[in-house]
Amino acid sequence: MVDADDVRRIALSLPETVEKEAWSMPTFRVAGKMFVTVPDDQTSFAVRCPKHDRAELIAAEPQKFWVPPHEASSAWVRVRLGALEGSAELYDILVDSWKQAAPDRLVADFAPESS
């Protein structure tokens, strides 16, 4: 099972990612834009997700994805670590969020790891 340490390890492996504490939790940023947070209980993480995609994710896999009421207006979704199928799925989710925040030059040069 993946955990918060795996989130940190994978996030920091992505180009130009830095970790910065905000709201008393670790956040990960590329070019100053946040793309993942790990709340205090470390059982989930939050990533960027366009609202139109978010509704589909939650409807398809509500045991995995959800949005707390205070984040309903944001373009973020929460992911339960215990519901993930493994580190490859975690990697894909983090890369997708990273690409939404990263500058075009980084995304163009990015070569994802082979599964």
Side-chain angles (χ1 to χ4, degrees):
M1 183 163 82
V2 295
D3 61 21
D5 290 335
D6 295 311
V7 174
R8 174 177 278 113
R9 177 183 52 77
I10 292 170
L12 290 173
S13 76
L14 299 172
E16 297 188 25
T17 295
V18 296
E19 182 175 349
K20 180 178 180 182
E21 186 170 322
W23 308 288
S24 300
M25 71 176 104
T27 68
F28 299 87
R29 301 162 189 251
V30 58
K33 292 184 180 179
M34 192 166 42
F35 71 94
V36 63
T37 67
V38 181
D40 289 346
D41 68 3
Q42 297 189 358
T43 62
S44 67
F45 60 100
V47 290
R48 290 175 172 261
C49 183
K51 287 184 188 179
H52 61 278
D53 293 339
R54 182 174 77 180
E56 289 179 28
L57 282 173
I58 293 168
E61 297 184 89
Q63 76 287 357
K64 189 178 293 184
F65 301 104
W66 93 100
V67 176
H70 70 279
E71 294 175 1
S73 64
S74 73
W76 288 73
V77 67
R78 296 276 182 107
V79 185
R80 290 178 179 88
L81 284 162
L84 293 176
E85 296 173 19
S87 59
E89 184 178 24
L90 173 60
Y91 178 83
D92 290 345
I93 291 169
L94 292 176
V95 166
D96 184 63
S97 185
W98 176 87
K99 285 180 175 180
Q100 292 176 60
D104 291 342
R105 68 175 172 78
L106 284 180
V107 174
D109 292 339
F110 182 69
E113 292 179 1
S114 300
S115 298

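Computed over heavy atoms, backbone and side chain alike; hydrogens, waters and symmetry mates excluded. The structure presented is a predicted model; accordingly, all values stated were derived computationally and were not measured.
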| Under the side-chain contact (heavy atoms from CB on, under 4.5 Å) test, residues paired with Gln63 that sit two or more places apart | Glu61

| request: Apply side-chain contact (heavy atoms from CB on, under 4.5 Å) to Pro50 and list each qualifying residue two or more places apart in sequence or on a separate chain. | output: His52, Asp53, Gln100

pair [X]-[Y]: side-chain heavy atoms closer than 4.5 Å:
X: Thr43; Y: Leu81; answer: no
X: Val2; Y: Val7; answer: no
X: Val30; Y: Pro103; answer: yes
X: Ser74; Y: Arg54; answer: yes

| message | Could you work out, with side-chain hydrogen bond (donor to acceptor under 3.5 Å, both in side chains) as the rule, every residue matching Ser87, not counting sequence neighbours? | response | none

| task | I would like to know whether Val95 and Tyr91 meet side-chain contact (heavy atoms from CB on, under 4.5 Å); could you show each step before the answer? | result | CA-CA 6 Å; Val95 166; Tyr91 178 83; 3.5 Å; yes

Please round to the nearest 0.5 Å and tell me the distance separating atom [atom1] of [X] and atom [atom2] of [Y].
X: Asp96; Y: Arg48; atom1: CG; atom2: CZ; value: 11.0 Å
X: Phe65; Y: Cys49; atom1: CZ; atom2: SG; value: 8.0 Å
X: Lys64; Y: Leu57; atom1: NZ; atom2: CG; value: 9.5 Å
X: Phe28; Y: Leu14; atom1: CZ; atom2: CG; value: 10.5 Å
X: Thr37; Y: Glu21; atom1: OG1; atom2: CD; value: 12.5 Å
X: Asp92; Y: Ile10; atom1: CG; atom2: CD1; value: 9.5 Å

For [X] versus [Y], what's the shortest heavy-atom pair and its separation?
X: Val38; Y: Ala4; value: CG1-CB, 3.9 Å
X: Phe45; Y: Pro39; value: CA-CD, 4.0 Å
X: Met1; Y: Gly82; value: SD-CA, 3.6 Å
X: Phe110; Y: Lys99; value: CD2-CE, 4.0 Å

| task | Sequence neighbours left out, what pairs pass salt bridge (Lys or Arg N to Asp or Glu O under 4.0 Å) with at least one residue falling in residues 68-82? | result | Glu71-Arg78

| message | Test side-chain contact (heavy atoms from CB on, under 4.5 Å) on Val47 and Trp98; report intermediate values, then the result. | response | CA-CA 9 Å; Val47 290; Trp98 176 87; over 6 Å; no

Quick one: do [X] and [Y] end up in the same hydrophobic cluster if we chain Ile, Leu, Val, Met, Phe, Trp and Tyr together by side-chain heavy atoms under 4.5 Å apart?
X: Met25; Y: Trp76; result: yes
X: Val18; Y: Leu106; result: no
X: Met34; Y: Val67; result: no

| Would the number of heavy atoms belonging to other residues, nucleotides or ligands and lying under 6.0 Å from CG of Asp41 be above 12? | yes

| request: Just grab all the side chain to side chain donor-acceptor pair (under 3.5 Å) pairs involving residues 6-16, residues at least two apart or on different chains. | output: Asp6-Arg9, Arg8-Glu19, Glu16-Arg105

| remark: In short, side chain to side chain donor-acceptor pair (under 3.5 Å) pairs touching residues 22-33 with sequence neighbours left out are Thr27-Arg29

